[in-house]
Amino acid sequence: MRLYDADYNQLSQDDDSAGSGNPSITHFLSAGQTYYVKVSGYSGSQNGSYSINVIATEQIIREDFEDTVFTIPFTGDWYRWAFPVGVNDSASFRSKASLGHGQTSQTSFKVTVPSGRTAKLSFYYMTASDVNDKFYATVNGTVIVTASGTNNNLTKHEHTLSAGTHTVVFKFVRDASGDGGSNLALVDDVEIIGNGCTVSAG
């Protein structure tokens, strides 16, 4: 099966990824545009009946930190931590190691939501620190999550993003004194759910 745009430029193709010899294509489509689907037998000589199922799904930009190639271009001093505490039990994204008292570790990125649309920001977070150390998640400077202390379970948070460009920040702030836990905060499985959204460094 092959997918083409209005000028018959091939956008995608597949043989049998759906199993049982059936093809499956996942591709982001723009509203108001014409697309063509071509179905043929493997050798080009088969014939017979067939059906095509089209399923509308939302675009998801996901960073699960399972490898070193990031989908979301984070900036700052957080880093990929290959330790089994994340959602997929392989890796997560954590604050700077050996952070001193009164110091801050931060990472951020930007999300642009198309005009007239909304999107959802979703992520898991966890802290392992003194009760006076703080983890903050902010969107355009507004705090959407605050956490502290040691919690061995990841917590999921979702936040609606309106049209426009948003700066998402994850920040871990150590207090002036006191120690507890591993003195860290982490996030995992960061997702932007919404058609037409883009991410950039920021």
Original post:
Between C197 and I192, which heavy-atom pair has the shortest distance, and what is it?
Top reply: CB-CG2, 4.0 Å
Subject >> Co-membership, hydrophobic cluster, residues Y124 and F170, 4.5 Å side-chain >> reply: no
Original post:
Roughly how far apart are S200 OG and K110 NZ, rounded to 0.5 Å?
Top reply: 6.0 Å
**OP:** Could you tell me which residues satisfy salt bridge (charged side-chain N to carboxylate O under 4.0 Å, His left out) with E58, sequence neighbours excluded, listed by chain and number?
**Re:** none
Original post:
For the residue pair F83 and W81, does the interplanar ring angle fall in the parallel (under 30°), tilted (30 to 60°) or perpendicular (over 60°) class?
Top reply: parallel
**OP:** Share the residues that join V143 in a hydrophobic cluster, the rule being Ile, Leu, Val, Met, Phe, Trp or Tyr side chains under 4.5 Å apart at the heavy-atom level.
**Re:** Y136, V173
**OP:** Decide side-chain contact (heavy atoms from CB on, under 4.5 Å) for F93 and L186; before the verdict, give the C-alpha distance in whole Å, the side-chain angles of both, and the deciding distance to 0.1 Å.
**Re:** CA-CA 5 Å; F93 203 50; L186 64 84; over 6 Å; no
**OP:** Answer yes or no: is there a side-chain heavy-atom contact under 4.5 Å between F172 and L99?
**Re:** yes
Subject >> Test log, rule side-chain contact (heavy atoms from CB on, under 4.5 Å), inputs H157 and I144 >> reply: CA-CA 9 Å; H157 182 79; I144 60 172; 4.0 Å; yes
**OP:** For F65 and E63, run side-chain contact (heavy atoms from CB on, under 4.5 Å): C-alpha distance rounded to whole Å, both residues' side-chain angles, the deciding distance at 0.1 Å, then the answer.
**Re:** CA-CA 6 Å; F65 308 104; E63 181 51 65; 3.4 Å; yes
Subject >> Closest heavy-atom pair and its distance - A119, G194 >> reply: CB-CA, 4.2 Å
Original post:
Short question: side chain of D5, backbone of D7 - any donor-acceptor pair under 3.5 Å?
Top reply: yes
Original post:
Mind checking whether N195 and R117 have side chains closer than 4.5 Å, heavy atoms only?
Top reply: yes
Original post:
Are M1 and Y8 joined in one hydrophobic group, where the rule is that I, L, V, M, F, W and Y side chains link up if heavy atoms are under 4.5 Å apart?
Top reply: no
Original post:
Do the side chains of V111 and L121 join up, straight or via other hydrophobic residues, at under 4.5 Å, putting them in one cluster?
Top reply: yes
Subject >> Under 3.5 Å donor-acceptor, E191 side chain and I60 backbone >> reply: no
**OP:** Measure the OG1-CG distance between T127 and N151 for me, rounded to the nearest 0.5 Å.
**Re:** 6.0 Å
Original post:
With sequence neighbours left out, what residues match R80 under salt bridge (charged side-chain N to carboxylate O under 4.0 Å, His left out)?
Top reply: none
Anything under 3.5 Å between a donor and an acceptor, one on a side chain of residues 70-79, the other on a protein residue two or more places apart or in another chain? List them.
| from | atom 1 | to | atom 2 | distance (Å) |
| --- | --- | --- | --- | --- |
| T71 | OG1 | R62 | O | 3.3 |
| T75 | OG1 | S108 | O | 3.4 |
| T75 | OG1 | S108 | OG | 3.2 |
| T75 | OG1 | G202 | O | 3.1 |
| D77 | OD1 | S105 | OG | 2.7 |
| D77 | OD1 | Q106 | N | 3.0 |
| W78 | NE1 | S105 | O | 3.2 |
| W78 | NE1 | S105 | OG | 3.2 |
| Y79 | OH | R94 | NE | 3.3 |

Original post:
Do S95 and K171 touch side chain to side chain, with heavy atoms closer than 4.5 Å?
Top reply: no
Subject >> D133 side chain to D175 backbone, donor-acceptor under 3.5 Å >> reply: yes
Original post:
Are I25 and V54 in one and the same hydrophobic cluster, where Ile, Leu, Val, Met, Phe, Trp and Tyr link if side-chain heavy atoms are under 4.5 Å apart?
Top reply: yes
Original post:
Say you draw a straight line from OG1 of T118 to CD1 of I193; how long is it, rounded to the nearest 0.5 Å?
Top reply: 11.0 Å
Original post:
Within a strict 4.5 Å, meaning less than it, do heavy atoms of the N140 and T138 side chains meet?
Top reply: no
**OP:** Might you point out which heavy atoms bring V113 and H166 nearest each other, and give the distance in Å?
**Re:** CG2-CD2, 4.2 Å
Subject >> Residue pair T165 / T112, side-chain donor-acceptor N/O under 3.5 Å >> reply: yes
Original post:
Checking side-chain contact (heavy atoms from CB on, under 4.5 Å) for the pair N22/D16: CA distance, chi angles, key distance, verdict?
Top reply: CA-CA 5 Å; N22 295 308; D16 54 9; over 6 Å; no
**OP:** Kindly give the heavy-atom pair with the smallest separation between P23 and A18, and that separation in Å.
**Re:** O-CB, 3.7 Å
Subject >> Nearest non-hydrogen partners of V187 and S92, listed with the distance >> reply: O-CB, 3.5 Å
**OP:** Give a yes or no on whether F109 and F135 share a hydrophobic cluster (residues Ile, Leu, Val, Met, Phe, Trp, Tyr; joining criterion: side-chain heavy atoms under 4.5 Å apart).
**Re:** yes
Original post:
Taking only residues two or more places apart in sequence or in another chain, which ones pass salt bridge (charged side-chain N to carboxylate O under 4.0 Å, His left out) with K120?
Top reply: E158
**OP:** Determine whether Q103 and R174 make a side-chain contact, defined as any pair of heavy atoms from C-beta on separated by less than 4.5 Å.
**Re:** no
Original post:
Any salt bridge (Lys or Arg N to Asp or Glu O under 4.0 Å) pairs touching residues 138-148, not counting sequence neighbours?
Top reply: none
Subject >> Which atom of Y125 lies closest to which atom of F123, heavy atoms considered >> reply: CD2-CE1, 3.8 Å
